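Here is the structure we will look at, set down as structure tokens.
Remember, predicted model here, so these are calculated numbers, not experimental data.
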Amino acid sequence: MEKKKGILGFLSQVFMLFGIIVLLMSVFAVIVGDEAKEVSTIFSLGSKGLSFATLIQFLFAIAIICVLRFVFMTDTIIKKMPVALRIILMFVSVIAVIVGFVLAFGWFPITEIKAWIMFILCFIVSCVISTFVSVVSEKQENKKLEEALKRFKEGQ
């Protein structure tokens, strides 16, 4: 299926992922926010939620990740690279971006094993949710296209 192109498709993906991440991190804030308040800038408000600065950082990180997805997962820039290699490079790049944000904004202490475990858990959960949402969305779009094609063929 042909993916949505242009700025609206990009923004749609950015805000879908942003919504998933904010929801997930808000749940984590309620559960561990008060304990993590002193260790992580993400949970600077404790269980009361996420700060504006954190939300902007997440939005920026997600926009970068969506650009990486465009680079690695479409044929626009990279035409001959195997899909498996694209996926591996995409995940390595995403992890590098997130580690960069961890270091730049002090999301959590880099020497804290528990924080890295939580990061990995959050990353896996958000990838699973995002993949699920994308697959369901694509199946719905494919179904609509199949129905439209069927109506078109019946009309001729």
Query - Atom pair CZ/CG of Arg69 and Leu17 - distance to nearest 0.5 Å - result: 8.0 Å

Query - Non-neighbouring partners of Ser51 that pass side chain to side chain contact (heavy atoms under 4.5 Å, CB included), sequence neighbours left out - result: Ser44, Leu45, Ala53, Thr54

Report summary line: Ser26 meets the side-chain hydrogen bond (donor to acceptor under 3.5 Å, both in side chains) criterion, sequence neighbours left out, with none

**Report entry** Student check: side-chain heavy atoms of Phe15 and Leu59 closer than 4.5 Å
**Finding:** yes

Query raised in the report: Which residues satisfy the side chain to side chain contact (heavy atoms under 4.5 Å, CB included) test with Ile56, sequence neighbours excluded?
Result: Phe52

Query raised in the report: What's the verdict on side-chain contact (heavy atoms from CB on, under 4.5 Å) for Met25 and Phe43, showing C-alpha distance, side-chain angles and the deciding distance?
Result: CA-CA 9 Å; Met25 295 309 292; Phe43 303 111; 3.7 Å; yes

Report task. Output, in order, the C-alpha distance, side-chain angles, deciding distance and verdict of side-chain contact (heavy atoms from CB on, under 4.5 Å) for Phe10 and Val67. Result -> CA-CA 8 Å; Phe10 175 79; Val67 167; 3.8 Å; yes

**Report entry** Spatial distance of atom CD1 (Ile21) from atom CG (Leu55) [nearest 0.5 Å]
**Finding:** 12.0 Å

Report task. Treating Ile, Leu, Val, Met, Phe, Trp and Tyr as nodes and any side-chain heavy-atom pair under 4.5 angstrom as an edge, say whether Phe28 and Ile120 lie in one connected cluster. Result -> yes

**Report entry** Those residues that, when tested against Val125, pass side chain to side chain contact (heavy atoms under 4.5 Å, CB included) (two or more places apart)
**Finding:** Leu24, Leu121, Ile129

Report summary line: The side chain to side chain contact (heavy atoms under 4.5 Å, CB included) partners of Gln140 (sequence neighbours excluded) come to Val136

Report task. Please round to the nearest 0.5 Å and tell me the distance separating atom CE of Met16 and atom CG of Leu11. Result -> 12.5 Å

Report task. May I ask whether Ile7 and Phe60 are part of the same hydrophobic cluster, defined by side-chain heavy atoms of I, L, V, M, F, W, Y residues being less than 4.5 angstrom apart, directly or through others? Result -> yes

Report task. Kindly state each residue pair satisfying salt bridge (Lys or Arg N to Asp or Glu O under 4.0 Å) with at least one member in residues 83-101, sequence neighbours excluded. Result -> Asp75-Arg86

Query raised in the report: Within a strict 4.5 Å, meaning less than it, do heavy atoms of the Leu149 and Leu145 side chains meet?
Result: no

Report task. Look at the side chain of Asp34 and the backbone N and O of Gly46, then say whether any donor-acceptor pair between them is shorter than 3.5 Å. Result -> no

Expected list for residues 90-114: side-chain donor-acceptor pairs under 3.5 angstrom, two or more places apart:
| from | atom 1 | to | atom 2 | distance (Å) |
| --- | --- | --- | --- | --- |
| Ser93 | OG | Leu89 | O | 2.8 |
| Trp107 | NE1 | Gln57 | OE1 | 2.6 |

